[in-house]
Amino acid sequence: MKKADVFEFFRRLAEANPSPETELEFGNTYQLLVAVTLSAQATDVGVNKATRALFEYVKTPQQMVDLGEEGLKEHIKTIGLFNTKAKNVIALSQILVDRHGGEVPADRDAMVELPGVGRKTANVVMNCAFGAETFAVDTHIFRVGNRTGLAKGKTPLAVEKQLEKKVPQPFRVGAHHWLILHGRYICKARTPECWRCPEVDLCAFKDKVLDRGARKAAA
DNA sequence: ATCCCGAGGG
DNA sequence: CCCTCTGGAT
């Protein structure tokens, strides 16, 4: 995508949604870290449903350690991969207590050291909690980047590097959310809704779905 | 059957 | 690179 088009792409997203936010619900940075960890292969709606009750009384890593692995499992049973997630969250919480004074470190490398926290999760927390210009490339951003031609790459890391290079300054903090929301609600995995996409004229996607009626008839 | 804001291990 | 963990929605 040409430089001027990239700017226009984000300008429109920003215009439509001036202050984008995560759809995950949380009350502090620690809860955000836990929520993002739980969100692997799960929808935000599903994660929120599980954390609503949990976060009522678990607001610190120490309180999570006190709850324990089995207690946590009871709360997150309805989310996929709950066994591994429960184990990781308890272990991660213990490390925060032991080595970080009960706080989430404002440092990506330190966060990635935590069990269950990879580069993508760390990038989300750095961006949402600390306002860092990080691009957490999840399934949505990977797809949107490659489809549109905004940031092509064979791996999430490659797409991340492209975004670091291409996203212009006024949009670097918000880009993560704009791209995810765009992917979730318009540039969907199965049936992208190009007919109502505000950026369709800037997009390189070859199989654009421009007519809803035609597509329904074909299906 | 396929997807959802992945990470860890082989 | 591959596989596994895992339930709910569509």
Side-chain angles (χ1 to χ4, degrees), chain A residues 13 17 20-26 29 31-55 69-70 72-93 95 104 108-130 132-148 150-151 153-160 163 167 173-193 207 209 212 215-216 219:
Chain A
L13 289 175
N17 187 1
E21 287 174 8
T22 322
E23 297 191 332
L24 288 172
E25 295 169 3
F26 61 97
T29 303
Q31 290 184 339
L32 170 65
L33 175 62
V34 172
V36 178
T37 300
L38 296 178
S39 73
Q41 296 301 305
T43 61
D44 282 4
V45 176
V47 173
N48 289 337
K49 202 182 295 179
T51 57
R52 205 116 49 192
L54 175 67
F55 288 167
E69 192 174 318
E70 294 308 313
L72 177 55
K73 275 185 192 174
E74 287 304 313
H75 280 278
I76 66 173
K77 262 199 161 70
T78 54
I79 307 177
L81 319 182
F82 67 92
N83 272 306
T84 316
K85 286 172 181 176
K87 189 177 300 184
N88 284 334
V89 167
I90 296 299
L92 147 187
S93 300
I95 292 173
V104 177
R108 184 170 65 192
D109 294 334
M111 255 190 267
V112 170
E113 291 296 308
L114 301 169
V117 180
R119 186 183 182 87
K120 180 258 165 184
T121 298
N123 277 337
V124 173
V125 177
M126 287 306 294
N127 178 261
C128 297
F130 303 116
E133 295 177 1
T134 49
F135 306 94
V137 180
D138 62 4
T139 171
H140 293 303
I141 297 190
F142 186 75
R143 180 180 68 253
V144 171
N146 278 302
R147 258 187 196 164
T148 57
L150 171 66
K154 287 172 185 158
T155 66
L157 184 59
V159 170
E160 184 183 331
L163 289 172
V167 180
V173 175
H176 161 240
H177 288 304
W178 285 316
L179 291 173
I180 281 181
L181 295 175
H182 182 62
R184 181 176 299 164
Y185 296 115
I186 296 178
C187 195
K188 298 181 186 179
R190 300 184 225 196
T191 53
E193 300 182 0
D207 304 317
V209 183
R212 186 178 198 174
R215 192 172 204 300
K216 272 189 163 176

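Each chain gets a letter, A, B and so on, in the order its sequence line appears, and its residues count up from 1.
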Footprint string (nucleotides 5-10 of chain B, 5' to 3'): B base within contact, S backbone only, - free, heavy atoms under 4.0 Å: BBSS--
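- Distance A:K73 NZ to C:dC5 P: 14 Å, rounded to the nearest Å.
- Heavy atoms of A:K77 sit under 4.0 angstrom from primed sugar atoms or phosphate atoms, though from no base atom.
- Regarding A:L157, its CG atom lies at a distance of 16 Å from the C1' atom of C:dC1, rounded to whole Å.
- Here the C1' atom of nucleotide B:dA1 and the CZ atom of A:R190 are 8 Å apart, to the nearest Å.
- At a threshold of 4.0 Å, the pair A:E160-A:R108 counts as salt-bridged, since one of the basic side-chain nitrogens sits closer than that to a carboxylate oxygen.
- Sorted by first then second residue, the side-chain hydrogen bond (donor to acceptor under 3.5 Å, both in side chains) pairs that include residues 34-51 of chain A, not counting sequence neighbours, are A:D44-A:R184.
- At least one side-chain heavy atom of A:F55 sits less than 4.5 Å from a side-chain heavy atom of A:V34.
- Nucleotides C:dT4 and B:dC5, compared at atom P, are 24 Å apart to the nearest Å.
- A salt bridge is absent between A:E69 and A:K87; no separation between the charged side-chain nitrogens and carboxylate oxygens falls under 4.0 Å.
- Looking at heavy atoms from C-beta onward, A:T121 lies out of side-chain contact with A:M111 at the 4.5 angstrom threshold.
- Rounded to whole Å, the P atom of B:dT2 lies 15 Å from the corresponding atom of C:dC3.
- Counting heavy atoms from C-beta outward, A:L150 and A:V167 have side chains that stay 4.5 Å or more apart.
- Between A:N48 atom CG and C:dG8 atom P there is a gap of 16 Å when expressed in whole angstrom units.
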